[in-house]
Amino acid sequence: MPLSFSFWGHAWSVEWVVLWTDALLYVLIVAALLLGLYIRRHPPLLGPWSRVARSPMAMGAAVILAAYAAIGLLDSVHVRLPIAPLKGSTVHYYSPELLSVFDLIAGPLRTHTEYSYSAPFATRLYTQETVRLPGGQTRREYPRLKYGGAGLKSAADLGRDVRARVARALAEAGAAWLAAAAALTWGLARRHRCSVPQMARRCLRGDTEVPWRTIGLTFGVVLALGWSAIALCTHYHILGTDEVGRDVFYLSLKSIRTGLVIGTVTTLVMLPFALALGISAGYFRGWVDDVVQYVYTTLNSIPGVLLIAASVLILQSYMDRNAGLYDTVAARADMRLLFLCLILGITSWTGLCRLLRGETLKLCEADYIQAAKAFGVSHGRIITRHVLPNVMHIVLISVVLDFSSLVLAEAVLSYVGVGVDPSMISWGNMINSARLEMARQPVVWWPLASAFVFMFALVLSANLFADVVRDAFDPRTKGRGGER
Amino acid sequence: MSQDPLLEVEHLTTIVHADGGKVHAVDDVSFSIGRNETFALVGESGCGKSLTALSLMRLLPDAAEIRSGSVRVDGEDWLSMPELRLRDRRGGTVGMIFQEPMTSLNPVMTVGRQIGEALVRHTDLRGKAMRERTLDLLAQVGIADRQRRYGDYPFQLSGGQKQRVMIAMALAARPQILIADEPTTALDVTIQAQILELMRGLQRDQRMSVLLITHDLAVVSEMAHQVAVMYAGHLVERAPRDAFFAHPAHPYSQKLFAALPGRSRRARRFSVIKGAVPPLNGRFTGCRFAGRCESAAPICTQTAPPWTRLEEGHQVRCHFAHEIQARWGKGEAGVPVTGEKATDHPTQASARPQPSELLTVSDLKVHFPIYKGFLKRAQGYVKAVDGVSFQIQSGRTLALVGESGCGKTTVGKAILRLIRATSGEVRFQGTSILRLPEARLRPLRTDLQIIFQDPYASLDPRMTVGSIVEEGIAALRSELGRSQRAQAVERILDQVGLPPASEGRYPHEFSGGQRQRVAIARALAVAPRLIVCDEPTSALDVSVQAQILNLLKKLQDDLGLAYLFITHNLAVVASLAHEVAVMYLGRIVEAGSAEEVLDSPRHPYTQSLLASAPVIERVRTARSPSAQGEMPSAIEPPPGCHFAPRCAHAMPVCRERYPGVTPLHADHSVRCHLWPAASSSPNPA
Amino acid sequence: MSAYILRRILYAIPILIGVNLLTFTLFFVVNSPDDMARAHLGTKYVTPAMIQAWKREHGYDKPLLYNPSASGVGRLTDTIFFTQSVDMFAFHFGRSDDGRDIGRDIRARMWPSLEIQLPVFVIGLAANITFALLTVFFRATYLDLAGTVLSVALMSISGLFYIIAGQYLFAIVLRLVPISGYAGGVESLKFVALPIAIGVVAGVGSGTRWYRTLFLEESGKDYVRTARAKGLSDVQVLFRHVLKNGMIPILTGAVVVIPTLFMGSLIMESFFGIPGLGSYTIDAIQSQDFGIVRAMVFLGSVLYIVGLLLTDLSYTLFDPRVRF
């Protein structure tokens, strides 16, 4: 059940609502931070990470991932706004609509809904409507949009206006970028004990341990794109609108959170199973091993999509029957998202479990574990002190590799109809609702294209990052070449 | 030997791109090999000798690159030759064999096809003629049953056979030069003797030149005509074999000799080389060995020494070559123990308190079941250990000697209950420990400890040295508080010769020898009475091995430890053990005091082990034959005496029943039909 | 050998029982027949009698595990578990919600699925191996880098994009193939050509990358150095040595999916209107026809287990080191 409490900052109050997936995301962030602190203090763990930090590809991808994560996190702090209380009443009522901090920031984007489809940067609707003329006659025409390009005197001004806004945005973004770069160079110069111009030259030449040049460049591109989009999106629907007139840019951004939740919470859910079962099967062998192997072979033998489909169908009919359990639509959709993560977790832990079992089997033959046994060290201690730290690289590699496939899986499942709740904004749902329009002439391409591009940028960054992480952590790829 | 050399290497420099920058692994190396001679390149691990060989063949790994120099083979410049033409020479003019025969053959290709491939590449033989030639080659390298082996896959061959196949492949196109990169390092001593003999014969018969790369001076002594010593990417000494072994002139070469274990060094400390090889990613201004050299003078760190010519063909890179060479043989080798109170010589052992029985192993058996068939029932057993008995007294060392696969490691692990014994009894100070519940065993675990072979695998890479050493204390001596434990760790690290600052560091920051010290410290931490040392030095270089053996001896003197020293290396046995037990295929075939067993071995297997071990001789002498063939499988050991099929003295009775124990003296017994027990009843085992 | 096969087959039985119990729990215990009936009849204006009638019509009006009202063996056999779940071992899948025989539907629909999936499998395998070998051959050059980045980019694109874009480009804009549909015989070629091409392209990114790592690992092994020391060219080394060893994990890994090719591709078939098992399943999911979904779950598991068996056997074919 969501925790809820109120605080009064201003004349009005909001109710902070923590959805289940929000809570899990917070847990994840805290865990990641703690892990980061732990790694900082343990040089052998830090080694591979510093190799990741030296890779331009990984760091470039990390900048993009960070941008996605920032939006996703802003979208994971939910509040309910109050409804103006009735006269004389002291009881506060809150709107049943759940808004995130991101929604509040992106206010106009969310509220600027048109009547139906409109193309990117369009000033008129994409479909003809019957308009009643003053004289009582009717005419079919493309009506002006309520918000898109509303400030323009005539449609001919569109190009000029967009150019002017973009130019201004780029100038502002450039200034912001320069300020950030200057601050960074100053900080680096202090750390490396050299003068600021020297440091700047080193950064520009790419002569730094951490590839600051790549990071700066990627950050610059993200900043320029983001700043321009922000400058334009309040005046235009830069990616058009969908069937019911919602801004596609807004939908694409809202989908980020769904993708991130699926990609991370699923892993979080399945990790304990995979770790506990995989390691104990490899460590204890015998009947424990037999049972674990039986369980994962059985689960693995059921086609993943079908198991998910069956579970979601059953969940759906359960939720339909118990509709009263959820106080808001968002809470209900969130519940379904959480269950989807659970089910995806159940179907995806087997692979990692098998890897861990194999690695543990190998590790138990290692002399240092034999040495620990010769001391009579207890099983629990051997597992936590020796086995667990030495299989963590496998866990990490599989977590980062799984992330992108889970994000892609969401789209497919939502398409099949067993993904996230239809009311939840996600790339899969965007694609699902837009695909029928492919048959329309001329074709409505922008919701599809937006969903695919946003998804592609996230998955590509994650894949590139995962590639480097795998190379850095996999002992097989280390130390290739050189005399032994 | 003709005048113009067949292979000429000049100023060869190869660098390796590593995480920490460029490593000058091979730095300005020049040498030449004449026709029909064996040239040995000697050096410890990491000195760049293997990379030199790979540079010649242009077979370097991706991360390495030849920077400069020239390689001329038979007058042709190999480094500037286009890859396409060089391919004709690779395997044609020069054949190469590698250290690991286990992994150097393609696992999914038959032996015949792999050799045939070389023939197709370099000769016109095809079809039947090719097959005939392949079979000839197999015969030449001494493969029995070659018709069958022709169609076999590598996994069906033993290690020695694989190396023979590798040699056959390298010889397929009748090369002028054979490069052998540590060809016997991965093999057992009896097999090593066979392979070395084979290579000597082939070199003589085929009039080849051989570039032999090795770390083993004894192998060099047996094989080489010319010797070059490599240190830190650099050649430091070049000489004809006899001159080199008579008067090594570089301080490093001399130290290598001095560090060799052997019988002559009993009860003495080995001379050790202090410090470690300098890192190769910087540039050197002076002599590379200066930091570890006892004779170093200021000039040594300032200018790199040029080559000094001593006599015909003997050159040294040392500023004081003449003086150093003159000093050789005058008390350099084997420094006596300073303040030697009592050596561990058995005859003097009475000076210590009377040794008491510490560990008694009787009729220990470890059988691993083989599951086969429909219900996976045990269809047979690998009799890894099949009735082993011995005793160890406190403060003494028993060496358990045998080749790989004889079950010696299994004995050690079974005593510590790391492997479940099938039957038999192990008593520690009178307490039978094999069937003790784990809780009652725990107090005994402080008395029994183990040191493993590979110091790279035996330390948890994710734990600091301090916590590795502390682990045992925390588990077994829970009465100690945190600060007491920290004190204990500090004291023990000091005891094994590690700086106190090592505590907070991680294993990867240490060299092999230092890691083995950590492993010893870990075992020592719980104050054991007996340590099982499972090949503790076989993964280490000679100079480091000496350091570790010295340390083990010192600890025995100081703490009265007993060792069960498991090894395949007879030279190490000679220098350390009081008692020796020789194991063959799960059983002890000969046991007794070190003197008795090593000086007058009675079992033919012990004799062949001793004969097989290469030794350094000033002048080459004829050798007695070593064992034929290889150790059979422990699943179906041969009937009768297990050694009979390889034994030169085998009699009919040997193939019928296993010989019983024959006590020869109070401290020497043997199991062999050549020494029938006069009074003891036959033991059908 | 035969003992080994027999043991593997016997080992499959407990797994099938496990799958069966799991599906039974999921479909009849968690989601009881009453729930199913309500889902179909709607929640409003439904009388208990209507639910009973619906259950009787579909054979769901029996107790789940034990029938006290029946006699003898009937107490166990006259139950939902026995008639619905255990019966699947005999491949009796029962009837779908609209009364059709599921078993017959499956038999009819598996061939169009196979017609797409088999070529995708074969061509895809060949294409992935070829591209992987090329990148390994040109390793540490810009071609390798480009190939690797391209394969990462390809695998970062949603499978839905390949289908939608492919259909739009080739069927709607270029009009090279029909948009969707299916016909029997040779006619079918023009319907399945595009799905096959899309299936291959969609898998080429991850396949190439995966096989490239396998080949790279092999080409770092000692025997490759031996082969080069023999004087073999890089191409010879690649084809005779690296390919042969790398193919063992590839082929044994690929064998497991062969039986499941019958199951078809859910999305592709529904998009291109191919009457295969994939679209059958997706229709069932969307119309909440639990009978069909249950049958497909069981069938998928059986095929997967057959695949595992074939994998074990294929080791003996591809790897000379494995003998039983």
Side-chain angles (χ1 to χ4, degrees), chain A residues 38-39 41-55 207 209 285-286 290 359 362-396 471-473 475 477-484, chain B residues 16-19 23 25-26 45-51 54 60-64 99 413 416-418 438-439 441-446 448-464 467-468 471-476 505-509 519 522-523 525-526 532 534:
Chain A
Y38 180 82
I39 288 169
R41 287 192 285 126
H42 290 75
L45 301 172
L46 197 58
W49 277 117
S50 63
R51 224 168 310 164
V52 173
R54 284 200 296 270
S55 154
D207 182 23
E209 279 261 291
R285 302 184 210 190
D290 289 341
E359 188 69 14
K362 236 189 301 169
L363 268 181
C364 284
E365 296 302 312
D367 286 341
Y368 55 85
I369 290 186
Q370 296 280 321
K373 285 184 180 167
F375 286 125
V377 178
S378 67
H379 294 315
R381 232 178 131 71
I382 290 181
I383 288 177
T384 50
R385 297 250 296 178
H386 294 290
V387 180
L388 200 59
N390 284 296
V391 298
M392 274 331 259
H393 69 276
I394 293 185
V395 175
L396 186 81
D471 284 351
F473 282 84
T477 56
K478 253 189 277 174
R480 260 192 201 147
E483 197 182 33
R484 300 209 325 124
Chain B
V16 178
H17 299 279
D19 256 359
V23 174
V26 179
S45 56
C47 74
K49 53 190 193 303
S50 291
L51 272 186
L54 293 175
L60 289 170
D62 288 342
Q99 175 172 353
K413 290 195 171 167
L416 284 165
R417 291 215 355 206
L418 294 177
E438 184 62 35
L441 182 70
R442 274 174 74 101
L444 280 174
R445 288 210 181 270
T446 62
L448 282 165
Q449 272 307 311
I450 184 163
I451 302 169
F452 295 95
Q453 169 174 2
D454 185 357
Y456 292 87
S458 68
L459 305 178
D460 189 333
R462 307 220 186 268
M463 279 166 80
T464 61
S467 45
I468 287 171
E471 182 172 40
I473 311 180
L476 293 176
R505 289 161 67 197
Y506 288 86
H508 73 263
E509 299 172 59
R522 171 175 59 190
V526 292
V532 174
D534 188 0

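Here is the naming used below: chain letters follow the sequence lines, and residue numbers restart at 1 for every chain. No experiment lies behind these values; they were computed from the predicted model shown. Keep in mind that the numbers below use all heavy atoms, side chains included, and drop hydrogens, waters and symmetry copies.
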Novice: What is the distance from atom NE2 of A:H42 to atom CZ of B:R462, rounded to the nearest 0.5 Å?
Specialist: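 Answer rounded to 0.5 Å: 11.0 Å.
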
Novice: Highest number of heavy-atom pairs under 4.5 Å with chain A: which of B:K413, B:Q99, B:Q453, B:Q449?
Specialist: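 The candidate making the most pairs under 4.5 Å is B:Q449.
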
Novice: Is the number of heavy atoms from other residues, nucleotides or ligands within 6.0 Å of CZ (B:R442) greater than 12?
Specialist: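 Counting other residues, nucleotides and ligands, CZ of B:R442 exceeds 12 neighbours.
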
Novice: I need the contact set between residues 371-380 of chain A and chain B: heavy-atom distance under 4.5 Å, sorted by residue number.
Specialist: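 Within residues 371-380 of chain A, the residues that come under 4.5 Å of chain B (heavy atoms only) are A:A371, A:A372, A:K373, A:A374, A:F375, A:G376, A:V377.
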
Novice: To the closest 0.5 Å, what do you measure between CG (A:L363) and CG (B:D460)?
Specialist: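 Reported value, rounded in 0.5 Å steps: 8.5 Å.
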
Novice: Checking side-chain hydrogen bond (donor to acceptor under 3.5 Å, both in side chains) between B:E471 and each of A:H386, A:R381, A:R385, which is the one that passes?
Specialist: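 By the side-chain hydrogen bond (donor to acceptor under 3.5 Å, both in side chains) criterion, B:E471 pairs with just one of A:H386, A:R381, A:R385: A:H386.
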
Novice: When only pairs under 4.5 Å are counted, which of B:E438, B:H508, B:M463 shares the most heavy-atom pairs with chain A?
Specialist: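 Counting heavy-atom pairs under 4.5 Å, the top option is B:M463.
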
Novice: Is it the side chain or the backbone of B:I450 that comes within 4.5 Å of chain A heavy atoms, both, or neither?
Specialist: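 For B:I450, side-chain heavy atoms alone lie under 4.5 Å from chain A.
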
Novice: As an exercise, state the distance from CG of A:D367 to CG of B:D454, rounded to the nearest 0.5 Å.
Specialist: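 It comes to 7.0 Å.
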
Novice: Measure the shortest side-chain to side-chain distance between B:R522 and A:Y368 over non-hydrogen atoms and say whether it is less than 4.5 angstrom.
Specialist: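 Yes, their side chains come closer than 4.5 Å.
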
Novice: Tell me, out of B:L416, B:D534, B:L418, B:L60, who's got the most heavy-atom pairs with chain A below 4.5 Å.
Specialist: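 The residue among B:L416, B:D534, B:L418, B:L60 with the greatest pair count is B:L418.
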
